[in-house]
Amino acid sequence: MQLAQLHHNNTNSEDFESSLLSFEKLDRASPDLWPEQLPGVSEFAASFKNPITNSPPKWMAELESEDIEMLKELGSLTTANLMEKVKGLQNLAYQLGLEESREMTRGKFLNILERPKK
């Protein structure tokens with residue numbers, strides 16, 4: 001009796017699993033069904049499929065050795081250290097803004113920014 005019940009349960013679970021299968025074929029080539037989510041991503045991904053050349057990318061060709069060292073340094077920082085670096089840059093930008101404002105006010109009072117009269 002138990003063996004028959006077990007076989008009956010097994011058959012039901014196989015029927016249930018087979019009822020879940022879908023034999024629908026989706027055409028992934030259609031741009032309407034599968035639009036590009038981010039413009040330019042497919043070209044970017046395709047560039048990595050090409051064989052790697054020895055020449056550096058265009059954006060790296062303009063970098064000097066100091067720039068490359070800074071990139072390596074920033075790339076080696078932890079998230080917390082990188083956030084600290086960003087906060088330091090924000091503080092520096094704020095201080096420079098204050099200094100520029102003081103110098104512009106000073107220049108205004110000294111009349112050094114007026115155009116010469118013709």
Side-chain angles (χ1 to χ4, degrees):
M1 172 90 178
Q2 287 178 343
L3 188 59
Q5 178 91 20
L6 185 62
H7 179 68
H8 180 67
N9 286 345
N10 246 356
T11 307
N12 284 344
S13 69
E14 287 173 10
D15 290 343
F16 177 70
E17 286 180 17
S18 65
S19 73
L20 295 177
L21 291 176
S22 170
F23 299 101
E24 183 179 1
K25 301 291 182 208
L26 297 176
D27 180 18
R28 292 183 177 267
S30 169
D32 296 331
L33 288 175
W34 308 98
E36 189 174 15
Q37 296 294 320
L38 299 170
V41 170
S42 57
E43 289 89 16
F44 181 74
S47 71
F48 281 102
K49 291 179 184 175
N50 295 340
I52 298 172
T53 59
N54 291 335
S55 62
K58 219 182 272 186
W59 61 271
M60 275 195 75
E62 299 172 7
L63 296 180
E64 296 176 4
S65 60
E66 292 175 7
D67 299 328
I68 294 172
E69 288 303 315
M70 182 181 286
L71 282 174
K72 287 179 184 175
E73 177 189 336
L74 291 174
S76 67
L77 294 177
T78 64
T79 304
N81 290 344
L82 193 58
M83 291 301 293
E84 205 58 40
K85 187 87 167 168
V86 169
K87 286 179 187 174
L89 289 173
Q90 287 174 331
N91 289 338
L92 180 61
Y94 179 75
Q95 293 298 328
L96 286 173
L98 289 178
E99 188 176 327
E100 180 185 24
S101 176
R102 280 193 300 268
E103 292 298 322
M104 292 299 287
T105 304
R106 184 174 170 216
K108 181 180 174 186
F109 287 133
L110 293 174
N111 290 327
I112 59 172
L113 299 175
E114 285 188 15
R115 293 182 181 171
K117 294 178 181 169
K118 293 181 181 181

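Note that the structure is a prediction, hence the values are computed from the model and not measured.
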Please check if Leu71 and Leu77 belong to a single hydrophobic cluster, counting links between Ile, Leu, Val, Met, Phe, Trp and Tyr side chain heavy atoms closer than 4.5 Å.
->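 As far as the 4.5 Å side-chain criterion goes, Leu77 and Leu71 are not connected within one cluster.
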
Linking I/L/V/M/F/W/Y whenever their side-chain heavy atoms sit closer than 4.5 Å, directly or via other members, would Leu92 and Val86 fall into one cluster?
->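 In one cluster with Leu92: Val86, no.
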
Supply the atom-to-atom distance Thr105 OG1 to Leu110 CG, rounded to the nearest 0.5 angstrom.
->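 Between Thr105 OG1 and Leu110 CG, I get 11.0 Å after rounding to 0.5 Å.
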
Which value, rounded to the nearest 0.5 Å, describes the distance between Glu66 atom CD and Glu69 atom CD?
->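 Here the interatomic distance stands at 9.5 Å.
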
Please identify each residue that fulfils salt bridge (Lys or Arg N to Asp or Glu O under 4.0 Å) with Glu103, with sequence neighbours left out.
->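 Glu103: salt bridge (Lys or Arg N to Asp or Glu O under 4.0 Å) contacts with Arg106.
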
How would you list all residue pairs meeting side chain to side chain donor-acceptor pair (under 3.5 Å) that involve residues 77-91, not counting sequence neighbours?
->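 Those involving residues 77-91 are Thr78-Asn81.
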
Assess whether side-chain contact (heavy atoms from CB on, under 4.5 Å) is satisfied between Lys72 and Ile68, documenting all intermediate values.
-> CA-CA 6 Å; Lys72 287 179 184 175; Ile68 294 172; 3.8 Å; yes

Within the side chain of Ser101, is there an N or O that forms a donor-acceptor pair under 3.5 Å with the backbone of Gly97?
->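 No; judged by distance alone, with no hydrogens or angles, the pair does not exist.
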
